[in-house]
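A short write-up of the structure that comes next.
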Amino acid sequence: DGGITQSPKYLFRKEGQNVTLSCEQNLNHDAMYWYRQDPGQGLRLIYYSQIVNDFQKGDIAEGYSVSREKKESFPLTVTSAQKNPTAFYLCASSIGRGEAFFGQGTRLTVV
Amino acid sequence: AQSVTQPDIHITVSEGASLELRCNYSYGATPYLFWYVQSPGQGLQLLLKYFSGDTLVQGIKGFEAEFKRSQSSFNLRKPSVHWSDAAEYFCAVGRDDKIIFGKGTRLHILP
């Protein structure tokens with residue numbers, strides 16, 4: 001089955017640690033996205049990538065980093081510079097600006 | 001600048017009543033428009049999309065939406081809601097090379 005897989009489903013981070021969220025797709029989509037979701041804030045765009053080895057900052061990129069070494073993979077690193085990382089993170093892929101297909105999300109909690 | 005506005009944060013309707021969720025967008029060119037639904041702790045599922053052509057589009061689960069260029073709107077409707085429709089609904093715009101989401105409308109259903 002084609003789709004997007006995010007892992008892990010739940011992630012706990014200690015203060016000062018970097019953590020990496022995984023996102024893999026087998027839909028052969030060129031575009032991939034990371035969104036952060038907080039209650040009442042909707043989905044805010046962190047980073048997006050249209051092609052391999054290229055990515056752009058979204059609206060809230062500070063404290064996050066990404067890589068796009070393979071078409072299928074777009075991991076997100078939440079760095080220690082992100083002061084309020086507790087949130088629900090959603091990865092998506094699309095063909096251009098067409099419909100986005102979403103993973104099931106990763107819930108990150110700072111402990 | 002905000003590209004997608006969902007003016008209603010919460011809406012409550014009785015089961016069997018009709019529903020309309022509002023969405024306004026700001027984008028100079030013809031946008032790609034979407035409505036998604038999200039159950040708690042889950043990813044987003046596409047309800048329907050508009051790219052061009054007929055301005056009234058049909059989606060899954062009995063939903064429809066109408067694109068009105070003059071009003072920059074893409075409102076979601078359902079003639080009779082079911083308790084299982086209780087969820088959060090997001091309007092989105094595909095613009096330039098990314099997809100931007102509104103802040104969402106949480107739908108509550110009264111028995």
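So you know, we letter chains A, B, ... as the sequences are listed, proteins then strands, and number each from 1.
- Rounded to the nearest 0.5 angstrom, A:F101 CZ and B:L44 CG are separated by 12.5 Å.
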>> Evaluate A:F102 against B:F101 for ring pair (Phe, Tyr, Trp, His ring centres under 6.0 Å), listing each step before the verdict.
In response: CA-CA 13 Å; A:F102 282 84; B:F101 285 80; 5.7 Å; yes
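- Between chain B and the options A:A92, A:A31, A:G98, A:G105, heavy-atom pairs under 4.5 Å are most frequent for A:G98.
- A single hydrophobic cluster is seen to contain both A:L11 and A:W34, as judged by linkage of ILVMFWY side chains at heavy-atom distances under 4.5 Å, directly or through other members.
- Interface residue B:F90: only side-chain heavy atoms are found under 4.5 Å from chain A.
- Under the 4.5 Å side-chain heavy-atom criterion for grouping Ile, Leu, Val, Met, Phe, Trp and Tyr, B:W83 is not connected to B:V81 through any hydrophobic cluster.
- Hydrophobic clustering of Ile, Leu, Val, Met, Phe, Trp and Tyr side chains at less than 4.5 Å, counting indirect connections, keeps A:V52 apart from A:L76.
- In the hydrophobic clustering of this structure, A:Y89 does not group with A:Y48; members are Ile, Leu, Val, Met, Phe, Trp, Tyr whose side-chain heavy atoms approach within less than 4.5 Å, directly or through other members.
- A:S94 contributes atom OG, which lies 10.5 Å from atom OH of B:Y32 (distance to the nearest 0.5 angstrom).
- Side-chain atoms of A:Y35 do not come within 3.5 Å of backbone N or O of B:I100 as any donor-acceptor pair.
- Surrounding CD of A:E62 are at most 12 heavy atoms belonging to other residues, nucleotides or ligands under 6.0 Å away.
- For B:I9, the CD1 atom is loosely surrounded, since the number of other residues' heavy atoms within 6.0 Å does not exceed 12.
- Residue contact with chain B, scored on non-hydrogen atoms closer than 4.5 Å, involves the side chain of A:L90 exclusively.
- Between B:I99 and A:A100 the shortest heavy-atom distance is CD1-CB, 3.7 Å.
- Separating the CD atom in A:E99 from the OH atom in B:Y36 is a distance of 6.0 Å, to the nearest 0.5 Å.
- Note on A:Q56, A:Q50, A:R107: by heavy-atom pairs under 4.5 Å with chain B, the leading option is A:Q50.
- There is no contact between A:Q6 and chain B, counting heavy-atom distances below 4.5 Å.
- Here the NZ-CG distance, from B:K103 to A:D38, works out to 11.0 Å after rounding to the nearest 0.5 Å.
- With chain A as the partner, the residue from B:K98, B:E88, B:Q45 showing the most heavy-atom pairs under 4.5 Å is B:K98.
- Taking both residues in full, the closest heavy atoms of B:Q38 and A:Q37 are given as OE1-NE2, 2.8 Å, listed atom of the first, atom of the second, then distance.
- Both B:L19 and B:W35 sit in one connected hydrophobic cluster of ILVMFWY residues. Membership requires side-chain heavy atoms under 4.5 Å apart, directly or through other members.
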